[in-house]
Amino acid sequence: MSDLDLFAWGSGWGDELARGLLITFEVAIASYLLGAGIGLLSAFAELSRQRPLRWLAQGYGLVFRSVPELLIIFLFYYGGALALRWALKPLGIGRIDISPFLAGTVALALIQGAYAGQVFRGALLAVPRELVMAARSLGLRRWQVAVKVTLPLALRYAFAGLVNLWLNVLKATPLLSAIGLQDFVRAADTAGQNTKRYFAFFLVILAVYLVISALTLWFQRRYGDRLFRHIAPIAGGRP
Amino acid sequence: MMELDRLWGELPALLEGLAVTLELTVLTLLIGMALALPVALMRNHRSPALRWLAVGFVFLFRGPPVLALLFMLYYGVPQIAWIRESWFWVLVADGFTCAVVAFSLNSAAYVAEILANALRAVPVGEREAGLAAGFPPWLLYRRIILPHVARLALHNYGNEIVFVIKGTAVASLVTVVDLMGVAQQIYSRTYDPFTPLLAAGVLYFLLVLLVSWGVKRLEHRLSPELRGPRLARGPSK
């Protein structure tokens, strides 16, 4: 079998790898969006005036940023099914299984949420207080200030951090292969086991990840500057 | 959810796993630093070729997931015939060495970026003052630039230590019996996920807390500007 035949569609492993890449993207996008939502909530909670709310958000962030991702994933996958079974026993629902996709997405989303919380917190704190006060004195309501003044600016400040988080979540998805998700890395592993050509398959995996991360960094640089055009220094000097 | 009897019985095994985790962490940090320092210096070098080489190193080892790097070393590289016959073989001989190599390369890429940024942040006046005072380059680096870099980089390096500690758990996927590996073994023997995983989680958490606290103290010691003005004791007259 020549090297190219290894990656053929159907007879080779091309379609399996493509399916793995698709699953990787599905999990990454789902947990990224979910994590961003959790992070925004937790940032607002951390900056709130309610002390218990602050403590809750800080505790959540500290735990999920300090424990290995793999451990959290295992806990959600093996522990989650067991806990659900106990919880639903009184209702007469006996057998419950959680798919690796579901448990993994939730686990990754919570981990991402802890990091996104930090990104959003910093971005919210970077919004000048004077702008918020000016908006309030113009008669805007609190929620209007949040939606029309604070968030649009905070999202700009958060942009670079949020793109980095996308790379993080993309690089964390292969951990889900440990609980049986047929992701990109797992597909290469299976192909390697069957053909004994691990090197070729993992080389392709590494190359694809490098291309994705190069594209992401290009995107970050191109649009990161654009978001700050309104305060960019005027080019050139004296005429 | 936690079963205390089981926890007591398994605690010695978990602590043995913790020792392996520490071993992985320390080796990764040492080798990572040894690789990162030259890369960081190259990153800011006058020669474009050296700069691009450093950029390539960082891109290559920071881009892909650690697990893919690790699997490449563990499953892929040993298949190449000439590797098996050369001294490179030692590097990919078993799961532990593969893990150390993969983690070190990955961490070195991150640390190189941290150090390169810190190097750029050292005021140019310090370098000029050293040169004007007749310091040869190596002494300039040893006495003036690198101490300042250490201070500037410490905060981000502390975060990197935490990432390395957490990252070592992946070694359990290539047969290394570290803290995570022990927890998995206990789970597959008892079918109780909570006791071993929560216990291991607490140990990781405490380790990370301890390291963060240590780094913070060190930061405080090294940066007088963080300490605020020293106030005179007692009534001044």
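By convention in this document, chain letters (A, B, ...) are assigned in the order of the sequence lines, proteins followed by strands, and residues within each chain are numbered from 1. All values derive from a computational prediction rather than experimental measurement.
If you measure heavy-atom distances from A/Val208 to chain B, you find no contacts under 4.5 Å at all. Neither the backbone nor the side chain of B/Leu207 comes within less than 4.5 Å of any heavy atom of chain A. Only the side chain of B/Val162 comes within contact range of chain A, with at least one heavy atom under 4.5 Å from a heavy atom of that chain. Proximity to chain B (any heavy atom under 4.5 Å) is shown, for A/Thr216, by neither the backbone nor the side chain. Contact annotation for A/Ala214: both backbone and side-chain heavy atoms come within less than 4.5 Å of a heavy atom of chain B. Within the 4.5 angstrom heavy-atom criterion, atoms from both the backbone and the side chain of A/Val67 approach chain B. Looking at A/Leu167, neither its backbone nor its side chain comes within 4.5 Å of chain B, counting heavy atoms on both sides. Heavy atoms closer than 4.5 Å to chain B are found in both the backbone and the side chain of A/Leu203. When heavy atoms are compared at a cutoff of 4.5 Å, A/Leu175 approaches chain B by way of both its backbone and its side chain. Proximity to chain A is limited to the side chain of B/Tyr187, based on heavy atoms less than 4.5 angstrom apart. For B/Ser172, the part sitting under 4.5 Å from any heavy atom of chain A is the side chain, from C-beta outward, and nothing else. Contacts of B/Met72 with chain A are made by both backbone and side-chain atoms, with heavy-atom separations under 4.5 Å. Within the 4.5 angstrom heavy-atom criterion, atoms from both the backbone and the side chain of A/Leu75 approach chain B. Proximity to chain A involves both the backbone and the side chain of B/Leu69, based on heavy atoms less than 4.5 angstrom apart. A/Leu210 touches chain B through backbone and side chain together, each having a heavy atom under 4.5 Å away.
Among A/Tyr209, A/Phe199, A/Phe74, the residue making the largest number of heavy-atom pairs under 4.5 Å with chain B is A/Phe199. Comparing A/Thr173, A/Val211, A/Leu206 by how many heavy-atom pairs each has under 4.5 Å with chain B, the most go to A/Leu206.
Two residues are said to be in side-chain contact when any heavy atoms from C-beta on lie closer than 4.5 Å; B/Trp213 and B/Val211 fail this criterion. No side-chain heavy atom of B/Arg51 sits less than 4.5 Å from a side-chain heavy atom of B/Met42. Between B/Tyr157 and B/Val215, the closest side-chain pair of non-hydrogen atoms is not below 4.5 Å. Side-chain atoms of B/Tyr74 and B/Thr175, non-hydrogen and from C-beta on, do get closer than 4.5 Å to each other.
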### Task
Evaluate the side-chain hydrogen bond (donor to acceptor under 3.5 Å, both in side chains) criterion for residues B/Arg62 and B/Asn106: first the C-alpha distance (whole Å), next the side-chain angles of each, then the deciding distance (0.1 Å), finally the verdict.
CA-CA 6 Å; B/Arg62 208 173 57 164; B/Asn106 186 245; over 6 Å; no

### Message
One pair to check against side-chain hydrogen bond (donor to acceptor under 3.5 Å, both in side chains): B/Glu160 and B/Ser107. What are the steps and the verdict?
### Response
CA-CA 8 Å; B/Glu160 175 60 20; B/Ser107 174; 2.9 Å; yes

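The side-chain contact (heavy atoms from CB on, under 4.5 Å) with A/Leu176 is formed by just one residue from the set A/Ile73, A/Val185, A/Asp183; it is A/Ile73.
Salt bridge annotation for B/Glu113-B/Arg43: present, with a cationic side-chain nitrogen under 4.0 angstrom from a carboxylate oxygen. By the 4.0 Å N-to-carboxylate-O rule, A/Glu26 lies too far from A/Arg19 to be salt-bridged with it. Using a 4.0 Å cut-off between charged nitrogen and carboxylate oxygen, A/Glu46 and A/Arg54 do not count as a salt-bridge pair.
In this structure, the separation between CG on B/Leu197 and OH on A/Tyr77 is 13.5 Å, given to the nearest 0.5 Å.
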